[in-house]
Amino acid sequence: MSINYVRYRPDLEQPFPNEEELTRQVVQAMLHANQAVAAKHRHGLRDAHAKSHGVLKGELRVLPNLPEHLAQGLFAEERTYPVILRLSTAPGDLRSDQVPVQRGFAVKVIGAPGPRAVDDGFTTQDFLLVNHPTLPFGNIAEYAKLQGLLEKQPGQSDQTLQRAGFAARTAAKVLEAAHRPLPPAVETLAAANNHILGETFHSMAAVRYGDYVAKISAAPKSSNVKALTGKKIEKRDGESALRRLVADFFGKQDAEYELRAQLCTDVEKMPIEDASKLWPEELSPHQPIAALSFPAQEPYSDERRRYADDVLSFNPWHALEAHRPLGSIMRSRRKAYPRSSDFRHGYNGINEQEPSSLDELPD
Ligand code: HEM
């Protein structure tokens, strides 16, 4: 079957009405929440995905003999790159791992050659992925509404959030049984609380994929991480369950994930400006592009945690032009990430560093 992949053109992106002002409001609201959390902990944290569970060194191996539509940008040649992976949880505060919220899988590829999406002088290519395929609040106006909900969270207890998650999962089951769409607030709160290493992670929004356009995802590949898919976190595992599960796993075992690209084949059914729409796999499957492998290691020494949490920043705009982030959500992130990172580094009196070698990651 021959598939027509949509060719990248700058005018696939369309400015959202009042985009600049909405972005300013979101970034400002995030900063207020970020300041409140820093005052609570006397330490600056990320404004989202504050809690890390493990930081891994590994490598990304571009698969051999990729067809033309997949051999694009970073994936144009069969090569191996060093990577740093930071595993995290979505809120901008340190919550109990018993609260079922989205988990993050942030990959920093080091030494990526080629022109940059923005003139930052770096050689990193970051892929920020979350264990859900869509962003329910999929454009900047909808996201500004979500921000209102999130801003209330610093003042809420873990128990309140756990109850909201339970109510949302119950509502989601009822609506799904009736084949009714989930309201964005329900979809956001209804995450299942599973072992992080068995999850599949998504870019949610689109990026340029060389001559084409894609969403990126990472899925468990080796049988040991596949076996963890859907495995519930136990109550007895406690507030830092994920850190322990990740440390126990990588203390003894290697793991491999598959990095995949889902190329856009239809701009109406697979929109670029609305990240809330699931791109149908019948129109375009997730196709493997690289192997991500992580050897057994100690993933959370104090030095490593400090480096990943306090020194590093992951940012979708740490990118090659060939993988330019696309759509209003992605454009808003161009302002939001440096804002959060600058506040965190300034508050803690620590300089941000963007690595040019894996040796910079402490053991
Ligand atoms: C496409 C949807 C999105 C995905 C997949 C995503 C994913 C992530 C991930 C995985 C991290 C943690 C990175 C790390 O480990 O350091 C993160 C951090 C963050 N996200 Fe997002 N995010 C999305 C949308 C947004 C939006 C729309 C905003 C705001 C406009 C935002 C603001 C932030 C901020 C401020 C940080 C912390 C940055 C820092 O201090 O270094 N994200 N995001």
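Read the numbers this way: they start at 1 and go in the same order the structure lists the ligands and their atoms.
- For ligand 1, the atoms lying closer than 4.0 Å to a non-hydrogen atom of Phe314 are 13 (C), 14 (C), 15 (O), 16 (O).
- In this structure a side-chain-to-backbone donor-acceptor pair under 3.5 Å is missing from Gln125 to Lys108.
- A donor-acceptor pair shorter than 3.5 Å can be found between the side chains of Ser356 and Glu360.
- The part of Leu129 lying near ligand 1 is the backbone, judged by heavy-atom distances below 4.0 Å.
- The closest heavy-atom contact to atom 32 (C) of ligand 1, among the options Phe137, Tyr337, Phe127, comes from Tyr337.
- The part of Ser203 lying near ligand 1 is the backbone, judged by heavy-atom distances below 4.0 Å.
- Given atom 5 (C) of ligand 1, the protein heavy atom at minimum distance is Leu128 O, 3.5 Å.
- Rounding to the nearest 0.5 Å gives a distance of 8.5 Å between OH of Tyr337 and OG of Ser332.
- For the pair Lys145 and Phe137, the cation-pi test (distance below 6.0 Å, angle within 45°) is failed.
- Between the side chain of Ser203 and the main chain of Ala205, a donor-acceptor pair closer than 3.5 Å is present.
- A donor-acceptor pair under 3.5 Å is absent between the side-chain atoms of Glu352 and the main chain of His345, judged by distance alone.
- Within the structure, ligand 1 has Ser332 among the residues with a heavy atom less than 4.0 angstrom away.
- Only the side chain of Met30 comes within 4.0 Å of ligand 1, counting heavy atoms alone; its backbone N, CA, C and O stay farther away.
- With atom 29 (C) of ligand 1 as the reference point, the heavy atom nearest to it among Pro325, Ala106, Ala336 is part of Ala336.
- Ligand 1 has no N or O atom lying under 3.5 Å from any N or O atom of His202, backbone or side chain.
- When each of Glu258, His202, Arg260 is paired with Ser217, the side chain to side chain donor-acceptor pair (under 3.5 Å) condition holds for Arg260 and for no other.
- Nearest non-hydrogen protein atom to atom 12 (C) of ligand 1 is His49 CB, 3.2 Å.
- In this comparison of Lys108, Arg333, Met204, Lys335, the heavy atom closest to atom 6 (C) of ligand 1 sits on Arg333.
- When each atom of ligand 1 is checked for a heavy atom of Ser341 under 4.0 Å away, the hits are 40 (O).
- Residue Arg344 touches ligand 1 through its side chain alone, judged by heavy-atom distances below 4.0 Å.
- Listed for the Arg324 side chain is a donor-acceptor partner under 3.5 Å among the backbone atoms of Ala117.
- Listed by number with element, the atoms of ligand 1 under 4.0 Å from a non-hydrogen atom of Val130 are 5 (C), 7 (C).
- The single protein non-hydrogen atom nearest to atom 28 (C) of ligand 1 is Tyr143 OH, 3.5 Å, given as residue, atom name and distance.
- For atom 15 (O) of ligand 1, the nearest non-hydrogen atom of the protein is Arg86 NH1, 2.7 Å.
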### Task
Evaluate ring pair (Phe, Tyr, Trp, His ring centres under 6.0 Å) for His323 paired with Tyr209, printing each intermediate quantity in order.
CA-CA 5 Å; His323 300 304; Tyr209 193 77; 5.6 Å; yes
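- With salt bridges taken as basic N to acidic carboxylate O contacts below 4.0 Å, one links Arg208 and Glu321.
- Regarding atom 35 (C) of ligand 1, its nearest protein heavy-atom neighbour is Ser340 CB, 3.4 Å.
- When each of Arg344, Gln353, Arg46, Glu354 is checked for a side chain to side chain donor-acceptor pair (under 3.5 Å) with Ser313, only Arg344 meets the rule.
- Atom 16 (O) of ligand 1 has its closest protein heavy atom at Arg46 NE, 2.6 Å.
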